[in-house]
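Can you keep this structure in mind? I'll have questions shortly.
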Amino acid sequence: MSFEAPTYRSEEGSPNRSPIFLRSVISFRPKNPYIIPIMKGIPMDEHAQQEKHSTLEQILEQRKEKIARIREMGIDPFPYAYEVTHRSAEVADGFESLENTQVSVAGRLMTIRKMGKASFAHLQDGAGRIQLYLSRDDIGETAYDMFKLLDIGDIAGVRGLVMKTRTGEVTVKAQELTLLAKNIRPLPIVKEKDGVVYDAFADKELRYRKRYLDLIVNPEVKDVFVKRAKIIRATRDFFDSRGYLEVETPVLQPLYGGANARPFITHHNSLDMDLYLRIADELYLKRLIVGGFDKVYEFSRNFRNEGMDRNHNPEFTAIEFYEAYVDYYYMMDLIETYFHTIADAMGTPVLNYKDASIDLTLPFDRKPMADLFTEHLGLDIAACSEGDFAAWCREHQVEFDPKWNYGQFLDKLFDEFIEPKLIRPTFVIDYPKAISPLAKVKRNGDARFVERFELFICGAEYVNAFSELNDPLDQRERLEGQDRLRVQGDDEAQAFDEDFIQAIETGMPPTGGVGIGLDRVIMLFTGQTSIKDVLLFPAMRTEKSS
RNA sequence: GGGUGUGUAGCUCAGCCGGUAGAGCAGCGGCCUUUUAAGCCGUUGGUCGAAGGUUCGAUUCCUUCCACACUCACCA
């Protein structure tokens, strides 16, 4: 079953607690330093002259000038490699054993404090920051003269002795300074004292558009993506260790299916045919189950041409996995284990998310959808008709569309009144058949329901799973039904995929299938409330060149 | 799509009831060999998001547009 992006219902508009989000918004567009102005029809020299008036252009010119001056000193401002022996954190953490020994570190200059013939600076590398002490007497006059030309943002390497300053900060006392790459475009200058951040680079638009600056200047951003990588690694280990085969199926599909969503459409020139970017990989993974791979999974980048908000990005990552000979009960156990495993890998058995405390070590609740309706709305859905739902809506002054069928009523009411209340991890089981065209009918029960579960945490959906439908006659009928809806104008109904039906007709074993919204899981484990903050390059409108 | 808000120097922000703009940081020029939001002296830099309108005069008021954020809806 493919994952369908959920909707958060919880409170709060305040995005993040981190200090970098404190300041308000500023504009940058007309003079954005990271966009090279395009001035058609103006010769370069004239162009440069024109732009001399802007500070930014001045800075760019000054720094280009510095590059020239450094070259005149016989120094290559862009050398090819540098031998690094230690990362910043290793020097700081290993001071006891490293004191007075020689190390070489490399990174970006983030602070510079010049005091005449000696200076301090901070170098930032992938592991953190380390202070440098550079004196003319230690590194020589030429190197020191070059140092005076360096700017915040330059990449440099330093070889020197580990020491502590009199304020106790571990510092590399430079014996040798090597410029590794000259910066010409100024960085946002962020300062910090006693944990208070000054002049934070907090404009969300700029941060998303210029993620490289965000990463340089706001180190906590990096942590989120390190955690993201960890979760992906742990997920892959989880499936690999259980004998699942990682597969890759088409992103460009002649028909889109496996979920209800509008697709992106593209065109293949030599085939002269339209193709769709996948909205799910479900139908292909099932073909592989038919083909005899008993356990498969895929990290599937899906594309849905729909609204964007802090829970939806047009492209997002789902993990789908399918296992032959198991049902949705088995998959519920597996999902519970999955969350325990990730929590374990992240060292966070208890999560604090959106003002809720989520203990992932406890068993997850399992509640039939029907029970939740009884509990929250006092509705006995087994006995309800469309008319009964309509009456209930009228009575409770809830807007509804009289054309809704049984399943749609259940879906909408669930969404509105029940989902937001599912804070503790809860498997909601047994969904209406009408909204689950790929799931098997509930065994020994009401034929209007299917064996499907979704996992909710903090009022949001994380997982969607079925006992997969493998009766080809039933499957054909249901997809035909979807296709009729589509033809009638429901542009999110699933298209009819004859080859998929033929695959099912070939014989698919009983199969359990699951889709997990990976971005959601990452949000949960990193405490982020916007999907943009777990995507390195979230979708943004392109900037109009003025 | 609706609502609210924001957009002023490279960055972070002031700018009252209309009189064409300021600060800190960064930059530039000096001084300074254990500083750390280094400090001190001097200094460059702005089509006030865009276009219209009102006005003698608009960063300021009005309209439209653009971008973003938040939010509601739709969509899952």
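Naming: A, B, ... by sequence-line order, numbering from 1 per chain. Given the structure is predicted, the values throughout are model-derived calculations rather than measurements.
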Of the residues in residues 132-147 of chain A, which ones touch RNA chain B at a heavy-atom distance under 4.0 Å?
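Under 4.0 Å from RNA chain B: A/Y133, A/S135, A/D137.
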
When the distance from CG of A/D415 to C1' of B/C72 is rounded to whole Å, what number comes out?
14 Å

Does any donor atom in the side chain of A/N302 or A/S300 lie under 3.5 Å from an acceptor atom in the other side chain?
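A donor-acceptor contact under 3.5 Å links the two side chains.
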
A/F449 and A/Y406 aromatic ring geometry - parallel, tilted or perpendicular at 30°/60° bounds:
perpendicular

Please determine which of A/Q131, A/Q124, A/R129, A/E192 meets the side chain to side chain contact (heavy atoms under 4.5 Å, CB included) test together with A/T111.
A/R129

Roughly how far apart, to the nearest Å, are B/G29 and B/U71 at atom P?
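Result for the P pair: 46 Å, nearest Å.
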
Pairwise P distance, B/G53 and B/G46 [rounded to whole Å]:
27 Å

Show me the pairs that pass salt bridge (charged side-chain N to carboxylate O under 4.0 Å, His left out) and involve residues 151-168 of chain A, at least two apart or across chains.
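Found A/R63-A/D151, A/K66-A/D151, A/D151-A/K182, A/D154-A/K182, A/R159-A/E176.
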
In whole angstrom, what separates A/L56's CG from B/U44's C1'?
14 Å

Heavy atoms only, 4.0 Å cut-off, all strands: where does A/K164 land among base, sugar-phosphate and nothing?
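Nothing, no heavy atom under 4.0 Å.
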
Which residues share a side-chain contact (heavy atoms from CB on, under 4.5 Å) with A/K532, sequence neighbours left out
A/Y208, A/M308, A/S530, A/P538, A/M540

Among B/A37, B/C68, B/U33, which nucleotide sits nearest the side chain of A/A118?
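From the listed options, B/U33 comes nearest.
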
Would you indicate what A/R262 reaches in the nucleic acid, counting non-hydrogen atoms under 4.0 angstrom: base, sugar-phosphate, or nothing?
nothing

Indicate, with a heavy-atom threshold strictly under 4.0 Å, whether A/K173 touches base, sugar-phosphate, or nothing.
nothing

Closest nucleotide among B/G27, B/C32, B/A38 to the A/Q62 side chain
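Minimum distance to the A/Q62 side chain belongs to B/G27.
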
Considering every strand and a 4.0 Å limit on heavy-atom distances, what is the contact class for A/D194: base, sugar-phosphate, or nothing?
nothing

